[in-house]
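Everything numeric here is computed off the predicted structure, so don't read it as measured data.
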Amino acid sequence: MTSIALLFVNETTYTGDPTILSYQLTREWIHSLSAVLGGLIAAGLLPFGTNPLRESAFFIWKRPASY
């Protein structure tokens, strides 16, 4: 497993919001589990949908009333 970070420069977020970000440089490390699952998904070797791990704008839990 490597400890080298992937560097990304993005002016905006991936959500479609057109606001220009103040901090555009991000560093990301690939988690070995996500790399394995990503490879299986790409190869079509998982028994469920095309990308069951995709991010969503919705949450399945309720926010506590104290917020």
Side-chain angles (χ1 to χ4, degrees):
M1 186 167 149
T2 182
S3 62
I4 298 173
L6 301 175
L7 298 176
F8 298 95
V9 179
N10 295 303
E11 291 184 354
T12 59
T13 68
Y14 61 89
T15 64
D17 183 352
T19 305
I20 301 297
L21 298 172
S22 298
Y23 301 98
Q24 298 178 359
L25 177 66
T26 59
R27 293 173 178 88
E28 298 180 20
W29 286 263
I30 295 176
H31 187 279
S32 59
L33 180 60
S34 64
V36 170
L37 288 177
L40 292 172
I41 290 168
L45 297 175
L46 293 181
F48 35 84
T50 57
N51 191 356
L53 305 175
R54 66 184 159 83
E55 292 186 39
S56 174
F58 304 99
F59 298 102
I60 60 173
W61 62 87
K62 291 185 178 182
R63 182 171 41 168
S66 61
Y67 279 131

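For T15, the side-chain contact (heavy atoms from CB on, under 4.5 Å) test picks out T13, D17, with sequence neighbours left out. Here T26 pairs with F8, E28 under the side-chain contact (heavy atoms from CB on, under 4.5 Å) rule; sequence neighbours left out. Checked against side chain to side chain donor-acceptor pair (under 3.5 Å), S22 has no partners two or more places apart in sequence or in another chain.
Here L25 sits in one hydrophobic cluster together with L7, V9; the rule is ILVMFWY side chains under 4.5 Å apart, joined directly or through other members.
Residues L21 and Q24 come closest through the heavy atom pair O-NE2, 3.2 Å.
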